[in-house]
Structures are given as C-alpha cells and as structure tokens.
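From a predicted model like this one, the values you see are computed outputs, not experimental measurements. What's counted below: heavy atoms across the whole structure, side chains too, no hydrogens, waters or symmetry copies.
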Amino acid sequence: MSERGSAAEAVTLEELKQHLRVEHDADDDLIQSFGLAAAEYAEHICARQIVRRDDPMAVCDSISDVPAGIKTWIKLYVTDLYERRSLTEGGEFKIRNYDHLLDRWIIYSRSDPDE
C-alpha cells in the first residue's frame with residue numbers, strides 16, 4: 001500500500017463547491033486541500049485506499065467509481081472543516097452523525113500479501 005498521507009482525489013473540486021454552495025474561486029485551494037485531507041482520513045478509517053493507486057483492496061479504480069456513501073462522507077467532512085476553519089479553541093470530541101457512512105468499507109483485519 002502507498003505511503004500514508006498521499007490520498008488521491010475522491011471528490012472533485014466542483015462537487016465540493018456545489019455541496020458547499022460556494023460560487024467564487026477565492027477558496028478553491030483551501031477547499032481542494034480539505035477534500036484531499038478528508039479522502040486521506042477516510043482511507044485511514046477504512047484501512048485501504050479509496051481510489052486505487054497501489055492497494056489491491058482499494059474500494060474503486062477511479063474517481064468516477066467512488067461509492068455515493070464515501071462521496072457523501074467526504075463532502076460532509078469538508079463542510080465541517082470549511083465552516084469551522086476559523087475556530088481556534090478546542091472542543092470536545094463527538095461522533096459525527098455521518099461517520100457510519102464509511103462502515104461498509106472498513107477493513108478490520110488485513111493480512112500482508114507479502115507474508
């Protein structure tokens with residue numbers, strides 16, 4: 001599997017902006033970085049790549065095949081990041097209502113194919 005932290009885009013910038021109802025281009029870099037961070041976190045939670053780069057257990061082969069539940073989770077996670085981007089004080093941990101959208105794709109135990 002590829003190095004952690006190198007997630008591929010799983011939702012396009014256009015899809016994220018439409019979901020956020022952002023019509024300007026001023027925040028494009030920020031929104032795109034949030035999208036990549038969300039995809040990276042989804043891969044961490046699921047213990048596999050969303051869009052295949054080198055993982056035989058990846059969810060799908062291209063961005064056009066990303067399941068709706070994963071796309072929705074990423075959009076909602078990006079919404080949280082975008083809407084709370086100016087908060088400077090910590091808050092208490094709470095489970096987001098949409099976190100279970102990833103449950104179907106989580107791998108809980110994975111054997112190393114090189115063993």
Side-chain angles (χ1 to χ4, degrees):
M1 193 161 135
S2 73
E3 185 178 319
R4 295 241 185 235
S6 58
E9 184 178 53
V11 178
T12 66
L13 174 62
E14 292 75 25
E15 289 174 301
L16 292 171
K17 287 176 68 172
Q18 182 180 17
H19 179 78
L20 294 169
R21 296 186 180 120
V22 171
E23 296 179 359
H24 58 80
D25 297 335
D27 289 340
D28 282 6
D29 289 342
L30 178 66
I31 293 167
Q32 192 163 37
S33 70
F34 285 162
L36 288 171
E40 180 180 323
Y41 190 42
E43 289 185 349
H44 171 74
I45 291 170
C46 294
R48 61 165 140 178
Q49 293 173 351
I50 303 302
V51 177
R52 183 180 324 278
R53 293 172 308 285
D54 60 5
D55 181 3
M57 303 277 296
V59 175
C60 58
D61 291 319
S62 73
I63 191 172
S64 62
D65 298 328
V66 175
I70 293 175
K71 280 190 177 240
T72 300
W73 185 91
I74 289 172
K75 290 175 186 177
L76 292 169
Y77 193 80
V78 167
T79 299
D80 281 350
L81 293 173
Y82 188 74
E83 290 181 353
R84 293 169 176 76
R85 66 190 176 278
S86 63
L87 292 180
T88 57
E89 55 188 66
E92 62 183 74
F93 173 79
K94 66 180 188 179
I95 295 176
R96 293 169 297 274
N97 292 334
Y98 55 86
D99 278 345
H100 295 291
L101 289 169
L102 296 178
D103 287 352
R104 177 177 173 192
W105 293 278
I106 294 174
I107 296 176
Y108 292 98
S109 176
R110 182 177 182 149
S111 62
D112 188 349
D114 295 330
E115 291 181 344

Excluding Met57, membership of its hydrophobic cluster (Ile, Leu, Val, Met, Phe, Trp, Tyr; side-chain heavy atoms within less than 4.5 Å) reads Ile107

Mark yes when over 12 heavy atoms from residues, nucleotides or ligands other than Asp103 sit less than 6.0 Å from its CG; otherwise mark no.
yes

* Side-chain heavy-atom pair Val66, Val59 within 4.5 angstrom cut-off -> no

Sorted by chain and number, sequence neighbours left out, side chain to side chain contact (heavy atoms under 4.5 Å, CB included) with Ala38 holds for Trp73, Ile74, Tyr77, Val78

Heavy-atom closest pair (Pro67 atom, Trp105 atom, distance to 0.1 Å) is CB-CZ2, 3.4 Å

By salt bridge (Lys or Arg N to Asp or Glu O under 4.0 Å), Asp27 pairs with (sequence neighbours left out) none

What about Ile45 and Leu36, same hydrophobic cluster or not, with Ile/Leu/Val/Met/Phe/Trp/Tyr joined at side-chain heavy-atom distances under 4.5 Å? no

Between the CG atom in Leu13 and the CG atom in Asp28, the distance rounded to the nearest 0.5 Å is 4.5 Å

The single option from Val22, Thr79, Ile31 that satisfies side chain to side chain contact (heavy atoms under 4.5 Å, CB included) with Leu16 is Ile31

Between Ala8 and Ala39 the two heavy atoms that sit nearest each other are O-CB, 3.6 Å

Review point. Short question: side chain of Glu43, backbone of Ile50 - any donor-acceptor pair under 3.5 Å?
Key: yes

- Task: For the pair Glu9 (side chain) and Gly35 (backbone), establish whether a donor and an acceptor sit closer than 3.5 Å, ignoring hydrogens and angles.
- Result: no

Side chain to side chain contact (heavy atoms under 4.5 Å, CB included) filter on Gln18, not counting sequence neighbours, yields none

Sorted by chain and residue number, the salt bridge (Lys or Arg N to Asp or Glu O under 4.0 Å) partners of Asp61 (sequence neighbours excluded) come out as Arg52

Contacts of Thr72 meeting side chain to side chain contact (heavy atoms under 4.5 Å, CB included) (sequence neighbours excluded), chain-then-number -> Leu76, Leu101

In this structure, CG of Leu20 is separated from CD of Glu83 (nearest 0.5 Å) by 7.5 Å

Taken in chain and number order and not counting sequence neighbours, the residues that satisfy side-chain hydrogen bond (donor to acceptor under 3.5 Å, both in side chains) with Tyr41 are none

Across all chains, not counting sequence neighbours, the salt bridge (Lys or Arg N to Asp or Glu O under 4.0 Å) partners of Asp25 are Lys17

In short, salt bridge (charged side-chain N to carboxylate O under 4.0 Å, His left out) pairs touching residues 65-78 with sequence neighbours left out are Glu15-Lys71

